Amino acid sequence: MALLPILCYPDPKLHTVAKPVAAVDARIKTLISDMIETMLEAKGIGLAATQVDVHERLIVIDISEQRDDPLVLINPRIVWSSPEKHQNEEGCLSVPGIYDSVERCDTVKVEAQDGHGTARLIEADGLLAVCIQHEMDHLLGRVFVEYLSPLKRKRIKTKMLKSQREARA
C-alpha cells in the first residue's frame, strides 16, 4: 500500500470528469487500498479517485467510529434523491482547512459495484448521504466550493494559492 498525493484546489485536474472503471482487476484493488490508506492518513471520511489524479469512477468512504469499515463505490450512480434537503457543513481533503455550508439531499439511493465488482444498491441518509454526494461531485469534476458565492470562491482560491506558494518556498 502507498500514500497517494492529493490534488489541491484550484488544480484544474480536479475539474476532469471521471470515466467508468472498466474492470475490477488487480490495479483497481491496489488503487482502492491506496486510496483508503491515503484517506485515513489525511483524516478524511471520503476520497474520490479524481482527487488522487486518477480519473475513474471510484470512491472510498469511511464514516465509522473506529475508522475500520470502508465503503467502496465503483461506477456509482444516484438513482433516487429525496426532495428534502438540508444545509451541511462540509470540508474537503482537496481544500484543506476550508469549511462551509452546502445544501444536499437528505437521502439518496446509489447503484454501484463494491470492491469485488458485486453490484449493490445502497440507501444512505445523514452523513453518509452527504459524503456520497460530495464525492460523486468530484467524479463530475466539481469541488464543493463551487456551490459557494463567487466572492467566497475567489477568497478561497486566493488563500489556497498563497498557502501552496508558501509550502513550496
Side-chain angles (χ1 to χ4, degrees), residues 3-21 31-32 34-63 67 70-78 80-110 112 122 124-169:
L3 291 177
L4 304 170
I6 298 172
L7 298 175
C8 282
Y9 182 80
D11 191 313
K13 291 181 257 178
L14 286 169
H15 298 294
T16 305
V17 176
K19 293 178 174 25
V21 171
L31 178 59
I32 290 167
D34 292 348
M35 285 176 60
I36 291 169
E37 183 180 358
T38 301
M39 173 187 66
L40 295 174
E41 179 68 25
K43 304 206 178 346
I45 59 171
L47 187 66
T50 300
Q51 293 176 272
V52 294
D53 205 13
V54 177
H55 303 284
E56 294 181 73
R57 296 185 56 77
L58 170 61
I59 294 169
V60 297
I61 294 172
D62 193 341
I63 60 168
R67 313 288 292 154
L71 174 65
V72 175
L73 301 175
I74 298 171
N75 298 325
R77 192 171 66 87
I78 293 176
W80 179 84
S81 343
S82 67
E84 299 82 25
K85 297 181 179 189
H86 279 93
Q87 294 284 329
N88 302 282
E89 186 83 358
E90 292 188 25
C92 181
L93 294 176
S94 291
V95 194
I98 304 294
Y99 300 88
D100 215 313
S101 188
V102 176
E103 186 176 73
R104 302 276 187 192
C105 296
D106 288 351
T107 308
V108 293
K109 288 184 184 177
V110 180
I122 297 161
D125 59 8
L127 180 59
L128 182 57
V130 170
C131 195
I132 287 171
Q133 292 170 83
H134 176 107
E135 299 307 331
M136 286 188 66
D137 274 352
H138 281 298
L139 301 180
L140 298 171
R142 260 187 260 144
V143 181
F144 89 99
V145 298
E146 293 171 41
Y147 290 98
L148 308 178
S149 71
L151 178 61
K152 278 187 178 181
R153 226 176 14 256
K154 186 176 191 300
R155 286 181 178 160
I156 291 167
K157 183 176 181 178
T158 300
K159 182 177 181 175
M160 295 299 298
L161 288 171
K162 181 181 178 199
S163 68
Q164 289 167 21
R165 276 194 306 274
E166 289 170 354
R168 285 192 294 261

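Note that the structure is predicted; figures quoted are calculated from it, not measured.
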Which residue pairs satisfy the side-chain hydrogen bond (donor to acceptor under 3.5 Å, both in side chains) criterion with at least one member in residues 84-101, sequence neighbours excluded? Gln51-Ser94, His86-Asp106, Gln87-Ser101, Glu90-Arg104, Glu90-His134, Asp100-Lys152

The salt bridge (charged side-chain N to carboxylate O under 4.0 Å, His left out) partners of Asp11 (sequence neighbours excluded) come to none

Side chain to side chain contact (heavy atoms under 4.5 Å, CB included) between Thr38 and Val60, worked out: CA-CA 10 Å; Thr38 301; Val60 297; over 6 Å; no

Apply salt bridge (charged side-chain N to carboxylate O under 4.0 Å, His left out) to Arg67 and list each qualifying residue two or more places apart in sequence or on a separate chain. none

Residues Ser81 and Cys105: closest non-hydrogen pair is CB-SG, 3.6 Å

Hey, what do you get for CG (Asp62) to CG (Leu47), rounding to the nearest 0.5 Å? 12.0 Å

With side chains defined as the heavy atoms from C-beta onward, is the minimum distance between Pro96 and Met160 less than 4.5 Å? yes

Roughly how far, to the nearest 0.5 Å, is the CD1 atom of Ile156 from the CD1 atom of Ile98? 5.0 Å

Quick check: closest heavy atoms across Pro10 and Lys157, and the distance to 0.1 Å? CG-CG, 3.8 Å

Would you mind listing every side-chain hydrogen bond (donor to acceptor under 3.5 Å, both in side chains) that reaches into residues 160-169, with sequence neighbours excluded? none

Got a sec, which residues hit salt bridge (charged side-chain N to carboxylate O under 4.0 Å, His left out) with Arg142, two or more places apart in sequence or on another chain? Asp137

Kindly compute the distance separating CG (Leu73) from CZ (Arg57), expressed to the nearest 0.5 Å. 10.5 Å

Mind checking whether Ile132 and Pro76 have side chains closer than 4.5 Å, heavy atoms only? no

Would you say that Ile45 contacts Leu127 through its side chain, given a criterion of any heavy-atom pair below 4.5 Å between the two side chains? yes

Looking only at heavy atoms, the pair that brings Cys92 and His138 closest together is SG-NE2, 3.4 Å

Quick one: which of Leu139, Val17, Leu58 gives a side-chain contact (heavy atoms from CB on, under 4.5 Å) with Thr50? Leu139

Name all residues meeting the side chain to side chain contact (heavy atoms under 4.5 Å, CB included) criterion together with Glu41; count only those two or more places apart in sequence or in a different chain, and write none if there are none. Leu3

Is it true that a side-chain atom of Arg153 and a backbone atom of Leu148 form a donor plus acceptor pair closer than 3.5 Å? yes

Kindly compute the distance separating CD1 (Ile36) from CD1 (Ile61), expressed to the nearest 0.5 Å. 11.0 Å

Answer yes or no: is there a side-chain heavy-atom contact under 4.5 Å between His55 and Asp53? yes

Is there side-chain contact between Val102 and Val130, with heavy atoms separated by less than 4.5 Å? no

Would you say the side chain of Leu128 lies within less than 4.5 Å of the side chain of Leu71, judging by non-hydrogen atoms? yes

Give, for atom CD of Glu37 and atom CE of Met39, the distance between the pair rounded to the nearest 0.5 Å. 11.0 Å

